[in-house]
Amino acid sequence: MTERAAVKAALKTQAVETPSWAYGNSGTRFKVFAQQGVPRTPQEKLDDAAKVHEFTGAAPTVALHIPWDKVDDYAALARHAEDRGLRLGAVNSNTFQDDDYRLGSVCHPDAAVRRKAVDHLLECVDIMDATGSKDLKLWFADGTNYPGQDDIRARQDRLAEALAEVYGRLGDDQRMLLEYKLFEPAFYTTDVPDWGTAYAHCLKLGPKAQVVVDTGHHAPGTNIEFIVATLLREGKLGGFDFNSRFYADDDLMVGAADPFQLFRIMYEVVRGGGLSGEVAFMLDQCHNVESKIPAIVRSVMNVQEATAKALLVDRSALDDAQRAGDVLGANAVLMDAFSTDVRPLLREVREEMGLDPDPMAAYARSGWAEKIVAERVGGEQAGWGA
């Protein structure tokens, strides 16, 4: 197989999971902006997700968020997805939108609140059993705002205890993916603030616990690709929540703020064997002012383009330059790959897969946007808060 054929084969098998909540209304902490045609039910979210997969060929799974996607019959929801060429992906828990969680959830000083939070996480595993999902994705808003508010070490003990109970409930083919976030909503301490804390807990739990890297959850200037390389080396990179940010956790389209960073991350994924299928590539974005479905299509394409460039890095030339201590030469190898226009290559890939070479234009011509605006009248649109 030629190098070009190998690159195309890898791109044809890449899958990016889209998040159900990205199809609903979202906004800033001050205001949620409603759009016409937004889904009203989890089923309608899946209908929209099916369009993303139809035109990209690279988005076969959809992540759920509980209780935002709560239904009476999860097996029926899984069948609804299958009927549209999709599968249900990661189940995301929600321990941050209940009044009881004002001082935390699994780290709360009150044992009764901790019990409530853990029971919710166990409920999410039950949902995984019903949907066939393999991944339980955990993000905790737990933390403190003021020095002395709570015992930092005790909160870590409570977190470890909760994670251990949920870990013990997982099936043999299920994973726990632990996400971290530098800050927000807590401003003094966050109970899972960085990859090291997440890694330490996952290491203690065992092989079914891995770390999720959200590309928006770091301090400015953080070398995210170093984190990716390290977690891959240790076998603890479970997945990504792809988005982009300029200042804090802006949840913009992946690659929008810094496409070079996305390329560097994807190079380390390729270098570390992360395209083998063990690493989950997921979007976690809020489309506040742009149309939902085209924004998600564009995001999938951005991941594909960064991956294509990463696959085009001349590893032999890079190895030679690195061994020779040729600093500029080594950097030039990476820059050459990043500067390559991979859009013609991806057009070929799509055509060979029986897809329209231009997913954005294909969606615009499909009439789906007009159809959902006309049909989704009445009811309560999906969204969150504010």
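This chain uses plain numbering: 1 for the first residue, then up along the sequence. Quick caveat, the model's predicted, so the values are computed rather than measured.
- No donor-acceptor pair closer than 3.5 Å links the side chain of Arg175 to the backbone N or O of Lys134.
- A donor-acceptor pair is defined here as one N or O able to donate and one able to accept, closer than 3.5 Å; no such pair exists between the side chain of Asn331 and the backbone of Val327.
- Follow the hydrophobic side-chain contacts under 4.5 Å out from Met253 and you never reach Ile224; the two are in separate clusters.
- For the pair Gln174 (side chain) and Leu170 (backbone), a donor-acceptor distance under 3.5 Å is absent.
- Linking Ile, Leu, Val, Met, Phe, Trp and Tyr residues whenever their side-chain heavy atoms come within less than 4.5 Å places Leu232 and Leu311 in a single cluster.
- Between the side chain of Ser339 and the backbone N or O of Asp336, no donor-acceptor pair lies under 3.5 Å.
- For Ala198 against Tyr180, the heavy-atom pair with the smallest separation is CB-CD2, 4.2 Å.
- Of the charged side-chain nitrogens involved, none lies within less than 4.0 Å of a carboxylate oxygen, so that Arg114 and Glu165 do not count as a salt-bridged pair.
- If you chain together hydrophobic residues whose side chains sit under 4.5 Å apart, Phe140 and Val166 fall into the same group.
- Salt bridge Glu305/Arg298: present, at least one basic N to carboxylate O contact under 4.0 Å.
- Counting non-hydrogen atoms of other residues, nucleotides and ligands closer than 6.0 Å to CD of Gln322 gives a total above 12.
- Residues Arg158 and Asp191 are not paired through a salt bridge, judged by the lack of any N-O separation under 4.0 Å between the basic side chain and the carboxylate.
- The environment of CD in Glu278 is sparse: at most 12 heavy-atom neighbours from other residues, nucleotides or ligands sit within 6.0 Å.
- The local environment of CZ in Arg233 is sparse, with at most 12 non-hydrogen atoms from other residues, nucleotides or ligands closer than 6.0 Å.
- Salt-bridge formation is detected for the pair Asp48/Arg376: a Lys NZ or Arg NE/NH1/NH2 atom is positioned less than 4.0 Å from an Asp or Glu carboxylate oxygen.
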Pair Thr197-Asp194, side chain to side chain donor-acceptor pair (under 3.5 Å): steps then yes or no:
CA-CA 6 Å; Thr197 304; Asp194 51 42; 2.7 Å; yes

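- A distance-only check finds a donor-acceptor pair linking the side chain of His120 to the backbone of Asn94 [under 3.5 Å].
- Under a 3.5 Å cut-off, the side chain of Lys236 and the backbone N or O of Val211 do not form any donor-acceptor pair.
- Other residues, nucleotides and ligands contribute only 12 or fewer heavy atoms inside 6.0 Å of the CD atom of Gln36.
- Counting non-hydrogen atoms of neighbouring residues, nucleotides and ligands closer than 6.0 angstrom, the CZ atom of Arg153 reaches no more than 12 such neighbours.
- Between the side chain of Thr95 and the main chain of Ala117, no donor-acceptor pair closer than 3.5 Å is present.
- A side chain to side chain contact (heavy atoms under 4.5 Å, CB included) with Asn243 is found for exactly one of Leu283, Thr215, Val254, namely Thr215.
- When the shell of 6.0 Å around CZ of Arg343 is examined, it contains 12 or fewer heavy atoms from other residues, nucleotides or ligands.
- The existence of a salt bridge linking Lys51 and Asp47 is excluded, since no basic side-chain nitrogen approaches an acidic carboxylate oxygen closer than 4.0 Å.
- No single ILVMFWY cluster, assembled from side-chain heavy atoms under 4.5 Å apart, contains both Leu262 and Val212.
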For the pair Arg115 and Asp119, evaluate salt bridge (charged side-chain N to carboxylate O under 4.0 Å, His left out) and give the outcome as yes or no after the intermediate values.
CA-CA 6 Å; Arg115 183 69 258 162; Asp119 285 346; 2.9 Å; yes

Test log, rule salt bridge (charged side-chain N to carboxylate O under 4.0 Å, His left out), inputs Arg271 and Glu225:
CA-CA 11 Å; Arg271 167 69 178 84; Glu225 55 267 35; over 6 Å; no

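- Within a 6.0 Å sphere centred on CZ of Phe226, other residues, nucleotides and ligands contribute 12 heavy atoms or fewer.
- Between the side chain of Asp135 and the backbone N or O of Lys137, no donor-acceptor pair lies under 3.5 Å.
- More than 12 heavy-atom neighbours from other residues, nucleotides or ligands sit within 6.0 angstrom of NZ on Lys12.
- Checked by atom type, the side-chain pair Asp284/Trp21 shows a donor-acceptor distance below 3.5 Å.
- For Asp126 and Arg169, the salt-bridge test passes: some basic side-chain N is under 4.0 Å from an acidic carboxylate O.
- Because its NZ or CZ atom is not both nearer than 6.0 Å to the ring centre of Tyr23 and within 45° of the ring axis, Lys292 does not count as a cation-pi partner of that residue.
- With hydrogens and angles ignored, the 3.5 Å screen pairs no side-chain donor or acceptor of Gln43 with any backbone N or O of His80.
- Taking the six-membered ring where the residue is Trp, Phe240 and Phe281 present parallel rings, their angle staying beneath 30° rather than reaching 60°.
- Phe263 and Phe260 have parallel rings, their planes meeting at less than 30° on a 0 to 90° scale where 60° marks the start of perpendicular.
- Under the 3.5 Å distance criterion, the side-chain polar atoms of Ser20 are matched with a main-chain donor or acceptor of Ala63.
- The only member of Leu275, Val342, Thr307 that meets side chain to side chain contact (heavy atoms under 4.5 Å, CB included) when paired with Leu11 is Thr307.
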